[in-house]
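Here, residue 1 is the first one in the sequence, and each next residue gets the next number.
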Amino acid sequence: MNAVSAKSLVAELRRLLMPWGFAVLLPMPVLLGVGDTAVVDRAIVYLALGAAWLAAEAFREGGEPLTFSRWRTRMISVSICVVADALIFTVLGISAGVKSNIPLPVLAVLGVTPALGLVPWLALRLRQPYCAIVIGALIVGAIKIAACVVARIVYGPEFIALGYVAGDWQTAKLMISIMWAGTVAVSILGLVACSRRFAAS
């Protein structure tokens, strides 16, 4: 396997500059607007959508066929952009005094995780970048619904009134843990599936 060349990595990063700028800016009005915890949840959704769009754009069809070497270069460039996005989000959020029940850096990393595995896999599989974003969001939504069902089974019919499916980490630890664990798991599976597909070709 050939090492990733600096020239091809720089070319990929340059190609992703405009989508990356969009991904960085998308959550900022919500994040910096008001500092309460409900706003943080919405800002994370925007952060995740921006990162997903970036990943979908990175794997848009066109040009030469994707080999393992090109896929790896593209994944490294997406990873650099997404990590930078999460870092900027965290630094600006902390600087603005944004409050969250879960540490902001953890939320930012969890929010961009689908862009590192699930969305690239869907974009390559479906060959439709925007469809990949929508289906990726539906998959994460289904994981959250499954987490709510588990909370209903564990805590009984009063689970909503008692706050077991709220966005508050203090009361909804089970639901939030299942949702993020499931999201990370499907993202890892997507990354492994892509890696195996291109390694075998």
Pairwise distance [atom1]([X]) to [atom2]([Y]) - rounded to 0.5 angstrom:
X: S77; Y: L17; atom1: OG; atom2: CG; value: 12.0 Å
X: R60; Y: Q128; atom1: CZ; atom2: CD; value: 9.0 Å
X: I44; Y: L49; atom1: CD1; atom2: CG; value: 11.5 Å
X: W53; Y: I133; atom1: CH2; atom2: CD1; value: 8.0 Å
X: F68; Y: T73; atom1: CZ; atom2: OG1; value: 9.5 Å
X: C131; Y: L126; atom1: SG; atom2: CG; value: 5.0 Å

Do the side chains of [X] and [Y] join up, straight or via other hydrophobic residues, at under 4.5 Å, putting them in one cluster?
X: L104; Y: V106; answer: yes
X: I178; Y: I160; answer: yes
X: L87; Y: V109; answer: no
X: I102; Y: V91; answer: no

Quick one: does [X]'s side chain get under 4.5 Å of [Y]'s, heavy atoms only?
X: S187; Y: L116; result: no
X: M28; Y: L31; result: yes
X: L122; Y: I139; result: yes
X: L54; Y: D85; result: no
X: L174; Y: Y155; result: yes

Please report the closest heavy-atom contact between [X] and [Y], naming both atoms and the distance.
X: L110; Y: W180; answer: O-CZ3, 3.4 Å
X: S8; Y: S5; answer: OG-OG, 2.7 Å
X: V40; Y: K99; answer: CG2-O, 3.1 Å
X: C148; Y: F159; answer: O-CE1, 3.7 Å
X: V82; Y: A115; answer: CG2-CB, 4.1 Å
X: P114; Y: V140; answer: CG-CG2, 4.4 Å

- Message: Looking at L191, is its backbone amide N or carbonyl O close enough to the side chain of S195 to form a donor-acceptor pair, meaning the two atoms are under 3.5 Å apart?
- Response: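 Judged by distance alone, no pair lies under 3.5 Å.
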- N/O donor-acceptor pair under 3.5 Å between R74 side chain and A58 backbone: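 Side chain of R74 to backbone of A58, a donor-acceptor pair under 3.5 Å: yes, one is there.
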- What do the steps show when you test V119 against F59 for side chain to side chain contact (heavy atoms under 4.5 Å, CB included), and what is the final call? CA-CA 9 Å; V119 174; F59 288 95; over 6 Å; no
